[in-house]
Amino acid sequence: TYVHQVRNCLRARISNKKGVTLFYNVEREQANFGNLQRCYSVWNCPICSMTITEGRRTELKQGLDNWTQSGGHAYLITFTNSHHKGDDLDQLLTGQKKAFVKFWQKRKVTEILKRLGYRGRIVATEITYGEGNGWHPHYHMIFFFDHSIEAKSLKSFLSLEWMDSCTKAGLKSPDLIHGVDVRNGTYAAKYVTKWGLENELTKGHLKTGLNGSLTPFDLLRGASTNNHYKTLFKQFADVFKGKQQLVWSKGLKELLGIKKVTDEELVDDTDETSIEVRELPLKVWDLILKYEKRAHVLELVEKDYKNNTTSLNDFVMGLAQLYAGELIKNMS
Ligand SMILES: [Zn+2]
């Protein structure tokens with residue numbers, strides 16, 4: 001039923017008495033469909049994940065901006081540990097979870113961070129797969145401090161404590177160089193990716209992997225023709241189902257002035273600034289599905305709203321002509 005949910009997402013209607021509606025959110029400048037079933041899966045559904053990650057990205061960017069503008073500092077910190085091909089993904093993640101519990105229980109860690117002006121963190125779990133080393137789950141975190149920190153000494157301190165925590169949790173210990181990486185948040189925002197730091201955190205599973213390492217969506221894209229990828233994607237989906245993509249530490253959203261919104265609320269777009277633009281006739285909706293043009297239709301709605309144009313009408317006309325052409329070809 002879970003796969004069924006993802007398949008029906010943004011395809012099957014909720015009420016059969018009504019057509020598919022088009023909405024436009026004036027504040028977020030985003031178009032959305034109404035009266036369609038959704039799956040809300042940030043990990044497995046290409047459509048929901050776009051909406052959710054975009055919402056989370058905006059949130060993260062706003063939080064970072066608010067913090068740095070008020071004189072605070074942010075650092076991008078990556079945690080990883082050694083792993084090998086054949087390591088079980090579920091076991092790796094469970095072990096890492098245990099290691100983090102050990103890590104945050106350390107008096108030394110909490111006391112030193114407190115002395116440095118640490119105020120909270122955002123954690124993103126990211127995962128890649130490499131033919132050489134198998135599953136590679138790692139964690140991007142943003143640490144928020146109320147003043148600036150010497151990145152190198154922070155790295156050595158965190159590395160030692162992280163290595164010890166991994167060993168105590170029964171994991172293979174990373175080395176001093178690779179276990180923890182610390183980068184200045186504002187510096188990283190400019191250089192990590194062309195989209196900025198916040199995308200590195202929220203869209204890691206969507207982008208194409210580098211140097212032969214595969215992201216979950218690489219696996220999903222290849223799954224229809226490659227059984228190995230299909231098995232791997234299933235492993236990933238089973239383990240990640242229901243997990244939150246970004247976890248903010250307690251009280252941090254309030255501190256950074258960010259409103260709490262669930263994944264469901266982001267997808268359903270329940271904002272009051274969302275207005276119904278029009279209802280699509282079912283025949284038109286069938287054509288949009290047939291030619292896989294849902295994403296494009298949303299782009300056109302956004303464009304039309306901003307520029308007061310009628311490109312959606314023109315596009316639907318084009319689809320109808322394309323379809324008519326196919327019908328005539330089948331007749332001859
Ligand atoms: Zn979905």
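Atoms within a ligand are numbered from 1 in the order they appear, just like the ligands themselves. As a basis for the values below, the full set of heavy atoms in this structure was taken, side chains included, without hydrogen atoms, waters or symmetry mates. Computed from a prediction, not measured in an experiment: that's the story for all the values here.
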- Message: Please list all pairs meeting side chain to side chain donor-acceptor pair (under 3.5 Å) that have one or both residues in residues 285-302, counting only residues at least two apart or in different chains.
- Response: Tyr291-Glu326

- Query: Is it true that Glu111 and Lys106 have a side-chain N and a carboxylate O under 4.0 angstrom from each other?
  - Reply: no

- Task: Can you establish whether the number of heavy atoms outside Lys250 located under 6.0 Å from its atom NZ is more than 12?
- Result: no

- Atoms of type N, O or S from the protein that sit nearer than 2.8 Å to the Zn ion (ligand 1) number exactly 4

- Query: Does NZ in Lys172 sit with more than 12 non-hydrogen atoms of other residues, nucleotides or ligands closer than 6.0 Å?
  - Reply: yes

- Within the distance-only criterion (no hydrogens, no angle test), does the side chain of His83 pair as donor or acceptor with the backbone N or O of Trp135 below 3.5 angstrom? yes

- Do other residues, nucleotides or ligands put more than 12 heavy atoms under 6.0 Å from the CZ atom of Phe157? yes

